[in-house]
2 protein chains.
Amino acid sequence: MASIKDVAAEAGVSVATVSRVLNDHPSVSADARTRVLTAVEALGYRPNAVARSLRTDQTHALGLVISDVLNPYFTELARSVEEEARALGYSVIIGNADERPDLQDHHVRTLLDRRIDGLLVSPTDGGSPLMLEAARAGTPMVFVDRWIPGVDVPVIRTDGRAAVRDLVAHLHGLGHRRLAIIAGPAATTTGQERVGAFREALRAYGIELPDSYIGQGDFQAESGRRVTEEFLRLPEPPEVVFAADNLMTLGALDAIRARGMRVPHDIALAAFDDVPWFVHTDPPITAIAQPTGELGRAAVRALVDRIEGRPSTSVTLPARLVVRRSCGEPSQSRRSTP
Amino acid sequence: MASIKDVAAEAGVSVATVSRVLNDHPSVSADARTRVLTAVEALGYRPNAVARSLRTDQTHALGLVISDVLNPYFTELARSVEEEARALGYSVIIGNADERPDLQDHHVRTLLDRRIDGLLVSPTDGGSPLMLEAARAGTPMVFVDRWIPGVDVPVIRTDGRAAVRDLVAHLHGLGHRRLAIIAGPAATTTGQERVGAFREALRAYGIELPDSYIGQGDFQAESGRRVTEEFLRLPEPPEVVFAADNLMTLGALDAIRARGMRVPHDIALAAFDDVPWFVHTDPPITAIAQPTGELGRAAVRALVDRIEGRPSTSVTLPARLVVRRSCGEPSQSRRSTP
DNA sequence: CTGAAAGCGCTTACAG
DNA sequence: CTGAAAGCGCTTACAG
């Protein structure tokens, strides 16, 4: 592959001049410029980004570590991140942690070794020493969706409390009183918050959330199935299952079907995270929708601000309830349609 | 961030010795080794992969350009690619072309500039000059799923012909005679092949595939909707719609619902590409499943073989029919269960 | 076993 | 406006 030296030789100028032309430096004569451009064209020359990065100490690459690529929520997040990054002149390198702290660390390490300009992460756990150290050492970093308390890093996330209250109002209006939740891992902020918000919303109606109605999931479909089976074996099973993410909802649906029960006739089901497929499931699922695209874009903007030395702050966006048919007949006060 | 010089100073050795320790070079004294390792630990040193890449002319990174990250098929492919690559000591940088040739070119260019060791691509179109030139110039390259005829690059793909024949047998057995297909873009190999396989399979039953039963889609949900609407407006609408990918199937489902029709009672629906959600749609969708994970792994192995100078060859894997309920009552000879 | 030195492909003060 | 030169952080023959 042709290097800058070859171009310089071909154009009859120094490599410095070639570099200046390539970087749109103002002080280059028109003549030199055209000769360089001609040589570039003739040789099919493309600058070596590796060499440039070493010299400038910038890679124009952002790292994104997400918890699970197979989760459509994160996939949509990744897409919006890449879009915004591209618009700002960065490319993004995605690492999939698969909800495994060790894999998450592997990707953080690889990304850091590759000297990405900044790191976007949705942590799977409470934070490894590696990640904590990176944040402390001043690596530009931003948390998206999930975050780690006590670390001084901007957080771009959704506040689902109002939407959870709307959901509980909807369920209560439908006559449901025994409500259960499939929680996410306690090590994640979203895992904890969603249970908290649910419990708080129930309290407003004088409803308790007993321990037997809190199932411990891990944001994966299989755990949703397992927890739901446990719920259904209870002497007094819940009338509603609220799953803290879209994949556990799928598992819950499986478990309910396997029992020969029907949603919403025999049991109601609702989800945190709305995904396109929820319109097509049987029945369509009532869900809490996050502004995923906006989340990704805001996260990139915050990170790039940090990288380029501008101040950046945390952003919290509201979620909203999307009522469909999985909890029973939509009430008069439905908030949205599929 | 500490550099190799800092480590050398701290350990009281030369940078050459540090480098040797880091790269497990045999000729290093035990004493030097422990001093270097201690210094590395003390400084929290991590080698700069950018500098290493410049020197060794290897990045240990693979580029993967896929047509659409929001498509669960490609997302699963990407996951298996990353897994196998990681096992072989490579990381992968994903570029999402969003079915847009210009975006595809953008990613190929960026990846090439970053000097990835090899490129895995599932082309959106017939191949841009850039990609053709890269292949010709000897960039290690492998096509997955889709490929470009006439380019001398190994192809790792699925042969769906047998499965399409099984599907047609299933549909014919159910009494269906008017069968239509929502095709993918003619510029993609998978777009063409699936229509060809379908037509061929129909011919075995003496059934023609008239032009009016071939709708032109683009592998995106919206096109599935549009084409299905056109089918339904025909004087003699088809009894079956076969969508050439999972997203167009979703669009078809929407269009059918919007008309107030039911699957499979009023019209049957089948898909190419099986995804976990098809078990949960209303009704569960009969689909042709690709061995996606194996495809991704085989593609990485072929690419790494090329990169490391071993011979590599094309691989074709069979797809299989998964019968569910979207085409009517499962026949006796159902091949699989959800 | 070890170190001095060259060199990977760039960018960028510095001098002219 | 232009070029010679230094230097980014590594690796690796070469000599000892």
Side-chain angles (χ1 to χ4, degrees), chain A residues 1-37 39-40 43-61 89 109-117 137 139, chain B residues 1-37 39-40 43-61 89 109-117 137 139:
Chain A
M1 189 154 285
S3 83
I4 196 171
K5 272 188 200 165
D6 303 313
V7 177
E10 173 84 11
V13 298
S14 71
V15 295
T17 297
V18 175
S19 177
R20 289 195 189 95
V21 171
L22 263 23
N23 292 291
D24 284 320
H25 188 100
S27 48
V28 180
S29 66
D31 174 54
R33 182 177 307 276
T34 57
R35 275 160 55 209
V36 167
L37 261 18
V40 163
L43 297 161
Y45 171 73
R46 293 251 81 216
N48 183 329
V50 174
R52 179 178 289 183
S53 291
L54 179 59
R55 181 55 229 248
T56 61
D57 203 29
Q58 297 182 84
T59 51
H60 280 281
R109 197 184 328 269
T110 306
L111 260 8
L112 256 21
D113 286 356
R114 290 194 190 281
R115 299 297 191 266
I116 42 121
D117 291 342
T139 308
Chain B
M1 189 154 286
S3 83
I4 196 170
K5 274 188 198 164
D6 303 314
V7 177
E10 173 85 10
V13 297
S14 71
V15 295
T17 298
V18 176
S19 177
R20 289 194 189 95
V21 172
L22 263 22
N23 293 289
D24 283 319
H25 189 100
S27 49
V28 181
S29 68
D31 175 54
R33 181 178 308 276
T34 57
R35 274 158 57 207
V36 167
L37 261 17
V40 163
L43 277 62
Y45 170 74
R46 295 251 80 215
N48 183 328
V50 174
R52 180 177 289 184
S53 291
L54 179 59
R55 182 54 230 248
T56 61
D57 202 30
Q58 296 182 82
T59 51
H60 279 281
R109 197 185 326 270
T110 305
L111 260 7
L112 256 21
D113 286 356
R114 290 193 190 283
R115 299 300 191 264
I116 41 121
D117 291 343
T139 307

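It should be emphasised that the depicted structure is a prediction, and the values quoted were computed from it without experimental measurement. Here is how names work: the chains are called A, B, and so on, in the same order as the sequence lines, proteins then strands, and each is numbered from 1.
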Seminar exercise, completed: Between CG of A:Leu54 and P of C:dT12 the distance, given in whole Å, is 13 Å
For this session: Please report the closest heavy-atom contact between B:Thr17 and B:Val28, naming both atoms and the distance.
Result: CG2-CG1, 4.4 Å
Exercise. Which residues pass the side chain to side chain donor-acceptor pair (under 3.5 Å) test with B:Ser3, sequence neighbours left out?
Worked result: none
Give me, pair by pair, the N or O atoms of the protein and of nucleotides 1-4 of chain D that are less than 3.5 Å apart, along with how far apart they are.
residue: D:dT2; atom: OP1; partner: A:Ser29; partner atom: OG; Å: 2.7
residue: D:dT2; atom: OP2; partner: A:Ser29; partner atom: N; Å: 2.8
residue: D:dT2; atom: OP2; partner: A:Ser29; partner atom: OG; Å: 3.2
residue: D:dG3; atom: OP2; partner: A:Ser14; partner atom: N; Å: 3.2
residue: D:dG3; atom: OP2; partner: A:Ser14; partner atom: OG; Å: 3.1
residue: D:dG3; atom: OP2; partner: A:Thr17; partner atom: OG1; Å: 2.6
residue: D:dG3; atom: N7; partner: A:Arg20; partner atom: NH1; Å: 3.3
residue: D:dG3; atom: N7; partner: A:Arg20; partner atom: NH2; Å: 3.4
residue: D:dG3; atom: O6; partner: A:Arg20; partner atom: NH2; Å: 2.4

For this session: Have a look at A:Asp57 and say if it touches a base, only the backbone sugar-phosphate, or nothing, with a 4.0 Å heavy-atom cut-off.
Result: nothing
For this session: Give one of base, sugar-phosphate or nothing for B:Thr56, where a contact means two heavy atoms less than 4.0 Å apart.
Result: sugar-phosphate
Seminar exercise, completed: Smallest heavy-atom separation, A:Asp117 atom then A:His60 atom, equals OD2-N, 2.6 Å
Exercise. What salt bridge (Lys or Arg N to Asp or Glu O under 4.0 Å) pairs are there with at least one residue in residues 51-61 of chain B, not counting sequence neighbours?
Worked result: none
Exercise. Any salt bridge (Lys or Arg N to Asp or Glu O under 4.0 Å) pairs touching residues 8-31 of chain A, not counting sequence neighbours?
Worked result: A:Asp31-A:Arg35
Exercise. Can you name the nearest heavy-atom pair linking A:Arg33 to A:His25, along with the distance?
Worked result: NH2-O, 3.6 Å
Exercise. Looking at residues 1-8 of chain B, who's got a heavy atom less than 4.0 Å off DNA chain C?
Worked result: none
Seminar exercise, completed: Tightest non-hydrogen contact, residues A:Tyr45 and A:Val7, listed as CG-CG2, 3.4 Å
Exercise. Can you give the dot-bracket line for DNA chain C, where a pair is Watson-Crick or G-U wobble with both atom distances under 3.5 Å, crossing pairs use [ ], and | marks a partner on another strand?
Worked result: |||.||||||||.|||
Exercise. What do the steps show when you test B:Thr59 against B:Arg114 for side chain to side chain contact (heavy atoms under 4.5 Å, CB included), and what is the final call?
Worked result: CA-CA 8 Å; B:Thr59 51; B:Arg114 290 193 190 283; over 6 Å; no
Exercise. Should A:Asn48 be listed as having a side-chain N or O under 4.0 Å from OP1 or OP2 of C:dC8?
Worked result: no
